[in-house]
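One structure is given below, encoded as structure tokens.
Below, chains carry the letters A, B, ... as their sequence lines are ordered, and counting in each starts from 1. Keep in mind that this is a model prediction, so the values were computed, not measured.
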2 protein chains.
Amino acid sequence: MYEGALQSLVDQLGHLPGVGPKSAQRMALYLLEAEPDEVSMLVEAINAVRTRVHHCEICANLTEENTCAICRDIRRDPTMICVVQEPKDIQAIEAARVFRGRYHVLGGAIDPMRGIGPEQLRIRELLTRLQDGQVTEIILATNPNIEGEATASYLARTLATIGVTTSRLAMGLPVGGDLEYADAVTLGRALEGRRHID
Amino acid sequence: MYEGALQSLVDQLGHLPGVGPKSAQRMALYLLEAEPDEVSMLVEAINAVRTRVHHCEICANLTEENTCAICRDIRRDPTMICVVQEPKDIQAIEAARVFRGRYHVLGGAIDPMRGIGPEQLRIRELLTRLQDGQVTEIILATNPNIEGEATASYLARTLATIGVTTSRLAMGLPVGGDLEYADAVTLGRALEGRRHID
């Protein structure tokens with residue numbers, strides 16, 4: 001344990017996600033010895049993010065404008081919406097470079113244990129986006145865990161009444177993975193979802 | 001990749017030691033959504049460390065006073081000095097709760113490839129501390145790698161001329177480790193340093 005201010009910084013850094021006591025200590029000592037410019041740039045970056053970044057009015061992605069870069073991009077297919085839990089999921093899907101439609105961020109997943117029901121998610125906003133009939137397909141890209149599955153099921157039932165095509169991301173073996181190390185549930189999904197080779 | 005301010009913050013956080021692009025992204029998103037209080041406490045902690053923490057006048061440990069808590073503690077044995085490379089090494093040794101003497105931080109190790117020779121380290125300050133003859137033993141606790149070993153050898157030669165007892169931390173198998181996974185050099189040191197059982 002360090003004295004006073006240094007230990008406070010270690011403690012504060014330890015609140016950051018994925019930062020344990022050892023990494024917090026390394027980061028604090030780095031910040032103590034770093035060039036003044038580097039430290040002020042970090043502090044300014046934190047303040048800039050807090051004042052400038054907010055949620056897109058349409059899809060709730062992160063942006064500094066009223067609407068995000070994807071919603072503003074007229075080359076994106078307006079007939080498809082990919083529904084995700086968090087803005088960071090958009091980054092992950094964009095990195096795959098396969099989807100060219102728009103997104104909708106729910107802001108979480110149904111989780112009764114933590115008091116999160118459908119009304120806490122941005123589902124009403126999604127239904128509003130579907131009112132003009134332009135969207136023909138919704139891809140449910142919530143996480144492949146209990147909460148994400150529950151959310152996808154709920155949305156699938158809700159969307160069925162509107163008559164829009166709904167799909168779910170495929171589950172199966174991760175590419176580059178080893179069959180031997182796949183867990184039983186994933187392997188079960190990979191078998192269920194097997195595709196015929198033409 | 002995010003837009004503007006958020007990506008800047010991800011980049012800045014990525015400069016911290018041990019923080020890769022994925023962790024930097026997680027930390028940036030956390031800071032974006034965190035409570036205002038938590039963010040301001042982090043920023044204040046960074047600023048407080050930069051203004052308040054400096055090196056102890058005697059041993060160069062980190063402190064907010066002129067001298068560090070260990071140098072001020074009259075219960076610590078003034079006849080022993082443990083020489084370390086960095087202040088964080090003091091924390092590691094203190095955690096072992098075995099050493100009750102004082103410390104001396106060199107501020108690095110001899111590393112000709114990076115232009116660090118004995119004159120760049122706090123060796124002159126160490127020799128000054130030995131002048132009154134109160135210190136009778138020096139423990140060389142530099143890192144068990146090439147630079148640390150070179151520094152320990154240099155110090156051992158220098159201190160031999162003064163007539164103070166000099167020792168080096170034992171090298172051998174880490175406690176709780178598996179013999180099978182020990183590297184050959186460590187195993188060699190463990191054999192060389194073997195102790196007879198009475």
Check your understanding: What residue in B/Q91, B/E64, B/E94 has the most heavy-atom pairs under 4.5 Å with chain A?
Key -> B/Q91
Point to revise | A/A95 portion near chain B, given a 4.5 angstrom heavy-atom threshold | key: neither
Review point. Out of A/T63, A/V39, A/V49, which one racks up the most heavy-atom pairs below 4.5 Å with chain B?
Key: A/V49
Check your understanding: Are A/Y2 and A/M27 linked, directly or through other ILVMFWY residues, by side chains that come within less than 4.5 angstrom of each other?
Key -> yes
**Study point:** A/Q12 side chain to B/A45 backbone, donor-acceptor under 3.5 Å
**Key:** no
Study note, to complete from the structure: Most heavy-atom pairs under 4.5 Å with chain B, out of A/L29, A/V43, A/L32, belong to A/L32
Review point. Looking at B/S40, B/P36, B/P87, B/A28, which makes the most heavy-atom pairs under 4.5 Å with chain A?
Key: B/P36
Review point. Same cluster for A/L106 and A/V164 if Ile/Leu/Val/Met/Phe/Trp/Tyr side chains link at under 4.5 Å?
Key: yes
Check your understanding: Is chain B contacted by the side chain of A/V19, its backbone, both, or neither, given a heavy-atom distance below 4.5 Å?
Key -> side chain
Review point. How about B/I162: does its CD1 atom have over 12 heavy atoms from other parts shown lying under 6.0 Å from it?
Key: yes
Exercise for review: Just give me the residue among A/L31, A/N47, A/I90 that pairs up with chain B most often, heavy atom to heavy atom, under 4.5 Å.
Suggested key: A/L31
Check your understanding: Do A/L140 and A/M171 belong together in a cluster built from hydrophobic side chains that touch within less than 4.5 Å?
Key -> no
Practice item. Drop me the distance from B/M41's CE to A/S8's OG, to the nearest 0.5 angstrom. Key: 8.0 Å
Point to revise | Option that, when pairs with chain A are counted at under 4.5 Å, heavy atom only, ranks first among B/C68, B/A34, B/A48 | key: B/A34
**Study point:** Side chain to side chain, B/L9 and A/L42, heavy atoms closer than 4.5 Å
**Key:** yes
Practice item. Indicate yes or no for a side-chain donor-acceptor contact from B/R26 to the backbone of A/L16 under 3.5 Å, with no hydrogens or angles considered. Key: no
Practice item. Answer with side chain, backbone, both or neither: which region of A/Q25 has an atom nearer than 4.5 Å to a non-hydrogen atom of chain B? Key: side chain
Practice item. Tell me whether A/I93 is reachable from A/M80 by hopping between hydrophobic residues (I, L, V, M, F, W, Y) whose side-chain heavy atoms are closer than 4.5 Å. Key: yes
Exercise for review: Kindly compute the distance separating NE2 (A/H15) from CD (B/E35), expressed to the nearest 0.5 Å.
Suggested key: 13.0 Å
Review point. Quick one: do A/I81 and A/L121 end up in the same hydrophobic cluster if we chain Ile, Leu, Val, Met, Phe, Trp and Tyr together by side-chain heavy atoms under 4.5 Å apart?
Key: yes
Check your understanding: Within the side chain of B/R52, is there an N or O that forms a donor-acceptor pair under 3.5 Å with the backbone of A/L6?
Key -> no
Practice item. Could you tell me whether the side chain of B/E33 reaches within less than 4.5 Å of the side chain of A/R50, counting heavy atoms only? Key: no
Practice item. Decide if atom CD1 of B/I146 counts as having more than 12 heavy atoms of other residues, nucleotides or ligands within a radius under 6.0 Å. Key: no
Point to revise | Interface moiety of A/E86 toward chain B, non-hydrogen atoms closer than 4.5 Å | key: neither
